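Okay, structure first, notes after.
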Amino acid sequence: KSVSNKSILSNLNVHLASYIWLARIVAEQMRKKKVQGSIIQFGSHYGVIGQNSDLYKGTKMRENMIYSAIKGGIIANTKQICSHFGKFGIRANCICPGGIEGHVKGKKIKQDKKFLSRYKNRTPLKRLAKPEEIAPAAAFLASKTSSYISGVTLMIDGGWTAT
């Protein structure tokens with residue numbers, strides 16, 4: 001199925017532009033008010049590597065090429081925020097989860113069984129993440145314990161990007 005320019009631009013505007021502007025506005029306000037702290041953005045392992053189209057064969061699912069571009073842009077923006085605002089004590093990091101158990105975004109249906117089986121077999125830990133395995137990373141990056149961590153792309157993908 002072909003993707004229209006309108007769809008691509010809409011996705012870029014809604015997803016990537018909102019991350020860029022929101023991070024920039026927050027960082028500027030933190031700088032202006034002399035607040036030191038952490039900005040945490042969410043990318044995806046697909047912002048670092050391309051989607052594997054074999055996972056989608058024989059399913060009603062398909063890869064989303066613009067998704068990888070958006071997530072890669074969020075990762076790059078995080079590094080730019082880190083680089084530009086670090087001198088003001090503002091840290092920026094990006095958490096990049098892999099597949100997460102649960103419903104398909106915006107729908108009540110679960111992920112396709114063929115897709116899940118292929119995905120799990122491709123992941124060194126042989127499973128998807130649980131939501132409760134992602135949240136503690138954000139809490140850590142927001143804490144003073146991580147006060148010297150900035151510009152990091154934290155992969156929480158069961159080893160997917162290591163192979």
Side-chain angles (χ1 to χ4, degrees), residues 7-52 55 63-107 110-111 115-116 119-120 122-163:
S7 174
I8 290 171
L9 292 174
S10 174
N11 270 296
L12 286 170
N13 200 28
V14 169
H15 299 288
L16 181 56
S18 63
Y19 265 85
I20 291 170
W21 284 113
L22 186 58
R24 181 70 186 224
I25 290 166
V26 168
E28 288 288 356
Q29 287 299 310
M30 290 171 75
R31 181 192 57 77
K32 183 179 174 183
K33 296 180 181 192
K34 298 183 176 14
V35 173
Q36 295 184 349
S38 180
I39 295 172
I40 302 165
Q41 300 203 86
F42 280 85
S44 167
H45 67 315
Y46 283 147
V48 175
I49 59 169
Q51 292 174 322
N52 182 336
L55 298 175
E63 72 277 355
N64 180 343
M65 292 191 161
I66 196 65
Y67 181 82
S68 292
I70 290 166
K71 294 303 184 176
I74 291 168
I75 293 166
N77 181 60
T78 301
K79 292 180 182 303
Q80 182 60 30
I81 294 291
C82 163
S83 176
H84 186 77
F85 290 96
K87 62 187 166 214
F88 304 109
I90 299 167
R91 299 181 296 114
N93 293 291
C94 189
I95 295 173
C96 291
I100 301 174
E101 287 181 358
H103 295 285
V104 176
K105 182 184 136 214
K107 300 178 181 176
K110 293 242 178 187
Q111 292 130 325
F115 173 84
L116 287 174
Y119 191 97
K120 289 174 185 179
R122 168 65 179 76
T123 305
L125 291 183
K126 302 298 182 206
R127 65 182 182 84
L128 278 73
K130 296 176 179 80
E132 59 269 20
E133 294 174 309
I134 309 300
F140 168 69
L141 290 174
S143 75
K144 291 192 188 280
T145 306
S146 68
S147 62
Y148 199 63
I149 297 173
S150 193
V152 165
T153 302
L154 179 58
M155 306 308 295
I156 306 178
D157 65 358
W160 182 286
T161 52
T163 60

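This is a predicted model, so every value here is computed, not measured. Residue indices begin at 1 and follow the sequence shown. We use all heavy atoms of the structure for the numbers below, so side chains are in, but hydrogens, waters and symmetry mates are not.
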Side-chain donor or acceptor of N11 paired with backbone N/O of S7 under 3.5 Å: yes
Could you pull out all residues at least two apart from S10 that satisfy side chain to side chain donor-acceptor pair (under 3.5 Å)? none
Spatial distance of atom NZ (K71) from atom CD1 (I49) [nearest 0.5 Å]: 14.0 Å
Quick check: does any side chain N or O of R91 sit under 3.5 Å from a backbone N or O of L141, one acting as donor and the other as acceptor? yes
Please assess Y119 against L128 for the test side chain to side chain contact (heavy atoms under 4.5 Å, CB included), listing each intermediate value before the final yes or no. CA-CA 8 Å; Y119 191 97; L128 278 73; 3.7 Å; yes
Heavy-atom pair with the smallest gap, counting every atom of G158 and P124: O-CD, 3.4 Å
Among I39, I149, L154, exactly one meets side-chain contact (heavy atoms from CB on, under 4.5 Å) together with N93. Which residue is that? I149
Exercise: identify the closest heavy-atom pair between I40 and A142: CD1-N, 3.7 Å
Residues in side-chain contact (heavy atoms from CB on, under 4.5 Å) contact with Q80, at least two apart in sequence or another chain: H84
Does a salt bridge link E28 with R24, judged by any charged N lying under 4.0 Å from a carboxylate O? yes
Angle between ring planes, H45 versus W160, binned at 30° and 60°: parallel, tilted or perpendicular? perpendicular
Closest heavy-atom contact between F115 and L55? CD1-O, 3.5 Å
Tell me whether T123 contacts the main-chain N or O of L125 through its side chain, where contact means a donor paired with an acceptor under 3.5 Å. no
Of all heavy-atom pairs between I156 and A137, which one has the smallest distance, and what is that distance? CD1-CB, 3.5 Å
Q36 side chain to M30 main-chain N or O, any donor-acceptor pair under 3.5 Å? no
Run L116 and E101 through side chain to side chain contact (heavy atoms under 4.5 Å, CB included) and show every step you take. CA-CA 9 Å; L116 287 174; E101 287 181 358; over 6 Å; no
Can you measure from CD1 (I74) to NE2 (H15) and round to the nearest 0.5 angstrom? 9.0 Å
Spatial distance of atom CD1 (I95) from atom CD1 (I75) [nearest 0.5 Å]: 12.0 Å
C82 and S150: which non-hydrogen atoms are nearest, and at how many Å? SG-OG, 3.2 Å
Hey, mind stepping through I90 and R31 against side chain to side chain contact (heavy atoms under 4.5 Å, CB included) and telling me if it holds? CA-CA 8 Å; I90 299 167; R31 181 192 57 77; 4.2 Å; yes
Hey, is the main chain of C94 close enough, under 3.5 Å, to the side chain of T153 for a donor-acceptor pair? no
Does any part of the side chain of I100, heavy atoms only, come nearer than 4.5 Å to the side chain of K130, both counted from C-beta? no
If you round to the nearest 0.5 Å, how far is CD1 of I66 from CD1 of I8? 5.5 Å
Hey, is the main chain of K126 close enough, under 3.5 Å, to the side chain of K120 for a donor-acceptor pair? no
Can you check whether F140's main-chain N or O pairs, donor with acceptor, with S146's side chain at less than 3.5 Å? yes
I'd like to know if the side chain of Q51 reaches the main chain of N64, judged simply by a donor and an acceptor atom lying under 3.5 Å from each other, with no hydrogens or angles considered. yes
Evaluate the criterion side chain to side chain contact (heavy atoms under 4.5 Å, CB included) for residue pair S44 and Y67; output intermediate values, then yes/no. CA-CA 9 Å; S44 167; Y67 181 82; 3.5 Å; yes
Atom pair CH2 (W21) and CG (L16), whose distance is rounded to the nearest 0.5 Å: 11.5 Å
Is S83 reaching over with its side chain to a backbone N or O of K79, donor-acceptor style, under 3.5 angstrom? no
To the nearest 0.5 Å, how far apart are CG in N77 and CG in L22? 10.0 Å
Without hydrogens or angle criteria, can the side chains of R122 and T163 be said to hold a donor-acceptor pair below 3.5 Å? yes
Can you give me the closest heavy-atom contact between P97 and I134, atom names plus distance? CB-CD1, 4.0 Å
